[in-house]
Amino acid sequence: VQGEWGLACQDQWKAGALNSIYFVGFGIGACLLGGLADKIGRRRSFLISGLVTAAASFACAMSVNVSMYALLRMCVGIGVGGLGIVAYVLASEIIGYSFQASTG
């Protein structure tokens, strides 16, 4: 990323900001898609999260500038945040109550 768009010297802060933008998206995704899972179901929310992650990741590869890449990285973060929270809750429901204490 740094080499492709010339993020050196005075623009090096943008490379670090891209990671921060991803984690902002992660937090948004965990909140939004976690709540959505309670309304439409865990499996549907998991599917939506996976599709958002896949589509945004593919689009990141096609980015033409840093701004587009940053926006798409936030979308990837939203999808991954949703996947993380929904997968955890879905797995704990599948495992069952008797093993939940030992699995976290």
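Excluded from the calculations below are hydrogen atoms, water molecules and symmetry mates; all remaining heavy atoms, backbone and side chain alike, are included. Start at 1 with the first residue, then count along the sequence.
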Inset, instruction - Would you check if the side chain of S57 reaches a backbone N or O of A54 as a donor-acceptor pair within less than 3.5 Å? - result: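 Answer holds: no.
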Legend entry - Donor-acceptor under 3.5 Å (S45 side chain, R42 main chain):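 It does not hold such a pair.
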Joint cluster assignment, [X] & [Y], ILVMFWY side-chain distance < 4.5 Å:
{"X": "L47", "Y": "V86", "value": "no"}
{"X": "L36", "Y": "V52", "value": "yes"}
{"X": "L72", "Y": "L32", "value": "no"}
{"X": "L90", "Y": "I85", "value": "no"}

Check [X] against [Y] and note the closest heavy-atom contact, atom names and distance.
{"X": "L83", "Y": "T53", "answer": "CD1-OG1, 3.7 Å"}
{"X": "I40", "Y": "I48", "answer": "CD1-CD1, 3.7 Å"}
{"X": "S63", "Y": "Y69", "answer": "OG-CA, 3.5 Å"}
{"X": "A70", "Y": "I21", "answer": "O-CG2, 3.4 Å"}

Euclidean distance, [Y] [atom2] relative to [X] [atom1], rounded to 0.5 Å:
{"X": "L51", "Y": "F46", "atom1": "CG", "atom2": "CZ", "answer": "10.5 Å"}
{"X": "Y22", "Y": "L18", "atom1": "OH", "atom2": "CG", "answer": "13.0 Å"}
{"X": "R43", "Y": "E93", "atom1": "CZ", "atom2": "CD", "answer": "9.5 Å"}
{"X": "R73", "Y": "F26", "atom1": "CZ", "atom2": "CZ", "answer": "12.0 Å"}

